[in-house]
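Let me begin by presenting the structure, written as structure tokens, before commenting on it.
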Protein chains: 2
Amino acid sequence: MIPLSPRESARRRLLDVLRREGPLARVEIGQRLGMSPASVSDLTASLLDEGILVTEESGEHASGLLRGRPKVRLFFADTLGFVVGVWTGFNRIELRLVDSAGRNRASRHVERPLRNLEAEELMDVLAETITAFAAETGASDVKAVGLACQGYVDTRDGIVAWSPVLGARDLPLAAGLERRLGKPVLIENDASAMAFAIAQRNPDFRSGRTACLMVGDGVGLGLLVQGELYRGARSGGSEFGHVRLRRSGPQCRCGGRGCIEAYLADYALHRDAQLIDHRPAPTTLIPSEDSMEAIVAQARAGDPALLNLFQAAGEVLGDAVGILVQTLEPDHIVICGPGTRAMDLLRPSFEAALAIQTIPELRDLAAIHVVDSSMDLLTEGVVMQALRELDFDLARLKAA
Amino acid sequence: MIPLSPRESARRRLLDVLRREGPLARVEIGQRLGMSPASVSDLTASLLDEGILVTEESGEHASGLLRGRPKVRLFFADTLGFVVGVWTGFNRIELRLVDSAGRNRASRHVERPLRNLEAEELMDVLAETITAFAAETGASDVKAVGLACQGYVDTRDGIVAWSPVLGARDLPLAAGLERRLGKPVLIENDASAMAFAIAQRNPDFRSGRTACLMVGDGVGLGLLVQGELYRGARSGGSEFGHVRLRRSGPQCRCGGRGCIEAYLADYALHRDAQLIDHRPAPTTLIPSEDSMEAIVAQARAGDPALLNLFQAAGEVLGDAVGILVQTLEPDHIVICGPGTRAMDLLRPSFEAALAIQTIPELRDLAAIHVVDSSMDLLTEGVVMQALRELDFDLARLKAA
DNA sequence: GCACTTTATTCGCGAAATGAATAAAACAAT
DNA sequence: ATTGTTTTATTCATTTCGCGAATAAAGTGC
């Protein structure tokens, strides 16, 4: 919101590059950020002074002939405490503990249905789960929490306006958790978190415009412009998964029909596959990875009805990507999430639909990537953002 | 492309606000831009020095009691030459001459079919038309030309990658016109130009995210973020009008079927209306305003078949706006262009479709405006952008 | 003519970034 | 050992930029 001062922005870029590329010497930082050695010296001096960074003693010389003054690598002090990243699924909570450098220290997942909880109860459960996780991992000094969930999330005000996971609307989740935990809590749409994590790993996705389509429990979109998340009017992400592509399609969790999600999400494929097989209705809302794999395997073995299902899903995926291409003209489109497990089955109809949907000049422009991303990236993305917020606060606190 | 220096960016903002809000005193500029008087004094001193601005002598005191030192208003010198703005339609060229302050000095339109011309011939015709227009209006000193056209336009490289108006693909239109005219030429997608012009007139549209949907000869989208045009991978705009909403809909000019345009554009409504009336096929590709008005009048009079036509079009418009809401979460959506003439006929099905298509939380967020905009805004938008480019060059030239 | 009000300019300061000079810390060679 | 070479890091003076405060300017009202 408040535009960062030049100093704060340089500071942020410096810490970002250190988190991404491990310990770096000052010259290396200068090269990567296009800064003069003088500026880097200046910035790092204050960061060392504040105890945020430390110099690395271990002069483990890199291979090859080494002349000149040896590099002194800088990295985060390990006395700055930890941050917890959380992802809430339908009946599952993923947790991750990272240190101030963003390195994974512990991760865990807890099976816990969240769908039918009252708002207060839900926040109690989340707070307890987070506290227990921190205690079990021996992390006494958790500075902040980042939480990613499906739905329409107002990151600035910390409100979940709508979510298929939560029953409530306009839930002030961040404030509720902050009260319970006594720590700052950042909440974020999960597709946005995924997009951010993917962009941290691939520099290509940090320049220009990148649209990340996450297919899994639902379908979400995370949009990056110059490596930063695009934020809409309520600083939320996109509810692209609930664009209705077909006038009278299958039922969607949002209450509508024919949404992108209602064809592509795991729950949709699973539901339709079970109808085909005349098996009993699923006991849980979200199918297990095993059962999804079983459906995919059955389709790969040649089951014609299931092949039809994936063919229709691929077509919807092609239409969806086509809309993104025509509307946003992105440099990169990344298809990610568990749904990519069936990309071989989706691809023929996906590419056909994309070809029909788009003008060739535009289609050839966007590089389409299928990234095999685990759900780990969700907590990684949101925890990195929470860390960045913390950097910002540290800078503020020092100034005061 | 090259990031503007702080000075250059402040300079641009100053000239922008002067073009928008007429002659202004230095204090007034400071208030509007949130700059200190000292900074404004500094900036205006150099601009006066360079002869870009002049002080206004006419001390025509505003009404009411006036005490204190009188304001000295600043404005553009009128010795800086002119800029021509052009819009190319199917069989029509719109022209506009503005001075360096952006004030309209002359405008004209020429009936001239452009569809079936070869690339070289087309550029000859355009160059001749522009030269003749400048000569007729007595503008001896035209500094630059801005041209808006439908289709997928690469503004940075000056290439029309694809356009329904032009036969050619990947036409280096800017370079071709620059060679013929000996002046810099800026080309731009026409919906982007319209969006820019609309945002110049309404400050609400210059903050946050504004999506401008232009309905007329075709359907185009111009996207503004913080008052500046969003540019995609090839720095073009969007081809949103060619998103295919219906699997097997009516034929579109792009070669596909079921595009948004194929329901909403004038040519589509006119074509279908004539089929209904069993009248002969139209002689021109683009119907006249009169014939469109006739169709609308007949529908308003209660013709059931025509009402169906507008009902279907409204539904598509609702779906289109819904996609924008769900994907981009804009602060403002502006529906503009000649197509708004039938907004009363479109509105019921438009609103119903929008309600079905969107999640209430998101829908309530975006303010939807219907702006009765004349085609004049097209040339206005592109000419203002060409002027801004010129400011930029002036700053560069002085520095050298 | 004098007080008052509003507008504009000047001046000095501080933040930020940089190039150039300098210092530091090693190894290599004699 | 001493000196030179090479690379890394810091210091310092300079420039750009914007701003607050003081000052000057240009009117009106009495």
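These values consider heavy atoms only, across backbone and side chains, with no hydrogens, waters or symmetry-generated copies. Residue numbering restarts at 1 for every chain, and letters A, B, ... go by the order of the sequence lines.
Partners of B:Asp157 according to the side chain to side chain contact (heavy atoms under 4.5 Å, CB included) rule, which considers only residues two or more places apart in sequence or in another chain, are B:Asp154, B:Ile159. The ring-ring contact (aromatic ring centres under 6.0 Å, His included) test applied to A:Phe205 returns A:His332, A:His369, not counting sequence neighbours. Taking B:Arg206 as the reference, nothing meets the salt bridge (charged side-chain N to carboxylate O under 4.0 Å, His left out) condition, with sequence neighbours excluded. Under the salt bridge (charged side-chain N to carboxylate O under 4.0 Å, His left out) criterion, A:Arg105 pairs with A:Asp99, not counting sequence neighbours. In this structure, A:Arg69 has no salt bridge (charged side-chain N to carboxylate O under 4.0 Å, His left out) partners at least two apart in sequence or on a different chain. Under the side-chain hydrogen bond (donor to acceptor under 3.5 Å, both in side chains) criterion, B:Arg12 pairs with no residue at all, not counting sequence neighbours. Under the side-chain hydrogen bond (donor to acceptor under 3.5 Å, both in side chains) criterion, A:Thr379 pairs with A:Arg96, not counting sequence neighbours. Residues that satisfy the salt bridge (charged side-chain N to carboxylate O under 4.0 Å, His left out) test with A:Arg388, not counting sequence neighbours, are A:Asp16, A:Glu228. Residues meeting the side-chain hydrogen bond (donor to acceptor under 3.5 Å, both in side chains) test with A:Lys143, sequence neighbours left out: A:Asp141.
Taking atom CG of residue B:Leu24 and atom C1' of nucleotide C:dT7, one finds them 14 Å apart after rounding to whole Å. When rounded to the nearest whole Å, the span between CG of A:Leu4 and P of C:dA15 equals 17 Å. Per the geometry, CG belonging to B:Leu43 stands 15 Å off P belonging to C:dA8, to the nearest Å. Summarising the geometry, the separation between CD on A:Glu56 and C1' on D:dT8 is reported as 16 Å, rounded to the nearest angstrom. If you take CG of A:Asp49 and C1' of D:dA9, they are 17 Å apart, rounded to a whole angstrom. Between the CZ atom of A:Arg73 and the P atom of D:dT7 there is a distance of 15 Å, given to the nearest Å. D:dG18 atom C1' lies 17 Å from atom CZ of A:Arg7, rounded to whole Å.
One end of the helix from C:dG1-D:dC30 to C:dT30-D:dA1 points its axis 30° away from the other end's axis, with each axis taken from 5 pairs and the angle rounded to 10°.
Among the nucleotides D:dG18, D:dA9, C:dT9, the one closest to the side chain of A:Arg26 is D:dA9. Counting only heavy atoms from C-beta on, A:Pro6 has its side chain closest to C:dA17 among C:dT9, C:dT7, C:dA17. With D:dT8, D:dG27, D:dT11 as the candidates, the nucleotide lying closest to the side chain of A:Val27 is D:dT8. Of the candidate nucleotides C:dT10, C:dT18, D:dG18, C:dT18 has the atom nearest to the side chain of A:Ala38. Among the nucleotides D:dG18, D:dC17, C:dA8, the one closest to any side-chain atom of B:Ala10 is D:dG18.
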Would you tabulate the nitrogen or oxygen pairs shorter than 3.5 Å linking the protein to nucleotides 3-5 of chain C?
unit_1	atom_1	unit_2	atom_2	d
C:dT5	O2	B:Gly68	N	3.3

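A side-chain donor-acceptor contact under 3.5 Å links B:Tyr230 to the backbone of A:Leu328.
Residue order along DNA chain D, read from the 5' end via each residue's closest nucleotide, puts A:Leu48 first among B:Asp42 and A:Leu48.
Between the side chains of A:Thr55 and A:Arg73, not a single donor N or O lies within less than 3.5 Å of an accepting N or O.
The phosphate of D:dC19 has OP1 or OP2 within less than 4.0 Å of a side-chain N or O from B:Ser39.
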Please determine whether side chain to side chain contact (heavy atoms under 4.5 Å, CB included) holds for the pair A:Arg19 and A:Asp391, giving the CA-CA distance in whole Å, both sets of side-chain angles, and the decisive distance to 0.1 Å.
CA-CA 12 Å; A:Arg19 287 221 176 83; A:Asp391 294 340; 2.8 Å; yes
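Counting non-hydrogen atoms under 4.0 angstrom, B:Val40 reaches nothing in the nucleic acid.
Contacts between residues 29-37 of chain A and DNA chain D, defined by a heavy-atom separation below 4.0 Å, involve A:Pro37, listed by number.
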